[in-house]
Amino acid sequence: MAYWLMKSEPDAFSIDDLKRDGQTHWDGIRNYQARNYMREMQVGDAVLFYHSNCRPPGIVGTMKVIKTVYPDHTAFDPKDPHFDPKSNANQPRWEMVDLAYVSTFPKMLSLAQLRLEPALSTMFILRKGNRLSITPVTKEEWQVIFRLLESVG
DNA sequence: GCCAACGTTGGC
DNA sequence: GCCAACGTTGGC
């Protein structure tokens, strides 16, 4: 089983939206590296939910993969904000996975808090200039995050 | 709102 | 295949 982190702007889709819906398809990814990471995902993989472009940004909960990649149909829809004319049903360029809600942290772990933890300095989201919305997380990082959660809880 | 960092596009 | 221009992301 692998571990991941996925970003979403809470104005667009938040952990509360996911909790309400129970599950979602993670559509709208238009970055090859992020898509390639999704291709590696297996059912049962654990995922950190990160709120980006908000104050404060940080990890707010967890989810799990319940369906592996399949074509992202929103790329075919000219009215969709993520429409891509170079993607079509015969040759889909973009894909998505399905995710289910697992948990909401009692208190979010803010980016500032994460930066204070030396053991997390290897995380993609803490590296300068990283904008990738889907990144792998190591088992060690995952465990540190949950220890951190208990210590601040 | 600013702006650094980054990915993509397209002319050559 | 290079690289300047452009658009986007996302923390601050």
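Each chain gets a letter, A, B and so on, in the order its sequence line appears, and its residues count up from 1.
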Flag if over 12 foreign heavy atoms under 6.0 Å of CZ, Arg39(A) |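 Correct, the count exceeds 12.
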
Atom-pair distance ([atom1] on [X]; [atom2] on [N]), nearest Å:
X	N	atom1	atom2	answer
Arg131(A)	dC6(B)	CZ	P	8 Å
Leu132(A)	dT9(C)	CG	P	12 Å
Asn130(A)	dA5(B)	CG	P	13 Å
Leu126(A)	dG10(C)	CG	C1'	14 Å
His82(A)	dG7(C)	NE2	C1'	15 Å
Glu9(A)	dT9(C)	CD	C1'	8 Å
Ile29(A)	dT9(C)	CD1	P	10 Å
Ile134(A)	dG7(B)	CD1	C1'	15 Å

Is the closest side-chain heavy-atom distance between His51(A) and Glu9(A) below 4.5 Å?
->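 The answer is no, as the side chains (C-beta and beyond) never meet within the 4.5 Å cut-off.
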
Contact under 4.0 Å: Lys7(A) side-chain N or O vs dT9(C) OP1/OP2 |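 No, outside the criterion.
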
Please check the phosphate of dC6(B) (OP1 and OP2 only) for any side-chain N or O of Tyr32(A) closer than 4.0 Å.
->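 False: Tyr32(A) side-chain N/O out of range (4.0 Å or more) of dC6(B) OP1/OP2.
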
Fit a plane to each ring of Phe49(A) and Phe13(A), take the angle between them on a 0 to 90° scale, and name the class: parallel (under 30°), tilted (30 to 60°) or perpendicular (over 60°).
->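 Phe49(A) and Phe13(A): parallel rings.
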
Will you find, in the side chains of Asp16(A) and Ser14(A), an N or O donor that is under 3.5 Å from an N or O acceptor?
-> no

Taking atom types as modelled, is there a side-chain donor on Asp84(A) or Trp94(A) under 3.5 Å from an acceptor on the other?
-> yes

Please determine, for the side chain of Lys86(A), which listed nucleotide (dG10(B), dA5(B), dG11(C)) has the closest atom?
-> dG10(B)

Arg115(A) side chain, from C-beta outward: closest of dG10(C), dC12(C), dC6(B) = dC12(C)

Could you check whether Arg127(A) gets within reach of a base, just the sugar-phosphate, or nothing at all, counting any heavy atom under 4.0 Å?
->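 Answer is nothing: Arg127(A) stays at 4.0 Å or more from every strand.
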
Which residue, Asn53(A) or Asn31(A), contacts DNA chain B at a nucleotide closer to its 5' end, judged by nearest heavy atom?
-> Asn53(A)

